[in-house]
Amino acid sequence: MGCELNKKEFVQNIVQAKDIVQDEVSVFSPTNIALIKYWGKRNDELNLPVTSSLSITLNIGTQTKIVLADSDRLFLNGSEVCEDELFYKRTFSFLNLFRSPHTFFQVHTKNDMPTSAGIASSASGFSALTLALNELYGWNLSRRELSMLARLGSGSSSRSLFSGFVEWYRGDRDDGLDSFAQAFSDNFTNLSVGLWIVDAGKKPISSRDAMKQTMQSSTLYKAWPEVVDKDLAELKKAIGAEDFTLLGSISERNSLAMHATMLASSPPICYYLPESIQAMQHIWNLRRSGLEVYFTMDAGPNLKLLFLKKDRQRLQQNLTFPLTTL
Ligand code: PMV
């Protein structure tokens, strides 16, 4: 349904106003952690996913300022980023979708978390850019429309336009106009997300390339859409019932299944470090000893811990580093 579009044609379906109405804007966007992962695209150009996904929006994120300027410049956490860096190229090729020739931007972006450590700074980064453009051009778009634009920068950023639990629909159309994010629920006030950083360095392979390699070569990828359908339906029930045990176990198994499909790729993709495995085993041991804590992991070696607020102190006593709650 619908015909395939390129990014610019897609943008033209959503954005009409072209004139800049403010010459400086500053916005904040939170990041999110997927509990049911997005792994694989059915359309690379428009970042259309093979499956739907479901995330929780966090309190940390990205503050982005865009200033109209005489030439393009990009600053990340106060330091200038060179033109030949991937981060610069991704930022400006996204901005090029919206601006007319001879419009230049100075972009200042500040992350609350390490960039490229698998802690989804691209999610809040592209949603912040989208929110900034919405103000700069006075588009007045709905959150749903903004989620579709942010998706062109990075799929996971589509979910950062909403708070609480957020579902990003796969959609069926070839033109991508039915693949957007929507708030699912705001329950579960006693849920906490913590961070276990085992390594804050750059990841060995980008999620974009890793998804492609998995889809092309993993013998397990065929099963992935079915895994997601089942996990997504069960997770929604868990959220509705505020059932933490169910939420934690589904989220953990979905993340492990995603990494299993990557490990079965050729060449194999492994984001786990030896310390990641040790951390996972520590969490499983804590569960065996009666402390309910689960983990989820993205395209990186670090763990995001899921636990109940009432257990924070007990969990902290069983960790050797100060726990950051997100
Ligand atoms: O949107 P991207 O290209 O940053 O990919 C995100 C991939 C995962 O973080 C592993 C899963 C997800 O749904 O966020």
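Order of appearance sets the numbers: ligands from 1, and atoms from 1 within every ligand. Residue numbers count from 1 along this sequence.
Neither the backbone nor the side chain of Ser53 has a heavy atom within less than 4.0 Å of ligand 1. Contact annotation: for Met211 versus ligand 1, heavy atoms closer than 4.0 Å belong to the side chain alone. If you look at Arg159 next to ligand 1, the close heavy atoms, those under 4.0 Å, all belong to the side chain.
Side chain to side chain, Ser124 and Ser29 fail the donor-acceptor criterion of an N or O pair below 3.5 Å. Looking at Lys37 and Thr296, their side chains do bring a donor and an acceptor atom within 3.5 Å of each other. The closest side-chain donor-acceptor pair between Asn111 and Thr62 falls under 3.5 angstrom. A donor-acceptor contact closer than 3.5 angstrom links the side chains of Arg159 and Ser53.
For the pair Ser157 and ligand 1, the shortest N or O to N or O distance does not fall below 3.5 Å. For ligand 1, none of its N or O atoms has an N or O atom of Arg208 under 3.5 Å away. By the 3.5 Å distance cut-off applied to N or O atoms, Ser154 is counted among the residues near ligand 1.
For the atom pair CD of Glu242 and CZ of Phe188, the computed distance is 6.0 Å after rounding to the nearest 0.5 Å.
One finds a salt bridge joining Asp298 and Lys304 here, because a Lys/Arg side-chain nitrogen approaches an Asp/Glu carboxylate oxygen to under 4.0 Å.
Listed by atom number, the atoms of ligand 1 under 4.0 Å from Ala299 heavy atoms are 10 (C). Atoms of ligand 1 lying under 4.0 Å from any heavy atom of Ser122, numbered from 1 in the order shown and given with element: 4 (O). Shown in contact with Gly155 at under 4.0 Å from a heavy atom are these atoms of ligand 1, numbered in order with element: 1 (O). Listed by number with element, the atoms of ligand 1 under 4.0 angstrom from any heavy atom of Trp39 are 10 (C). Near Ser207, meaning under 4.0 Å from one of its heavy atoms, ligand 1 places the atoms 2 (P), 3 (O), 4 (O), 5 (O). Every atom of ligand 1 with a heavy atom of Ala34 under 4.0 Å away is listed here by number and element: 12 (C), 13 (O), 14 (O).
Between Trp196 and Phe321, the ring centre distance stays below 6.0 Å. Ring centroids of Trp168 and Tyr38 are separated by less than 6.0 Å, placing the two rings close together.
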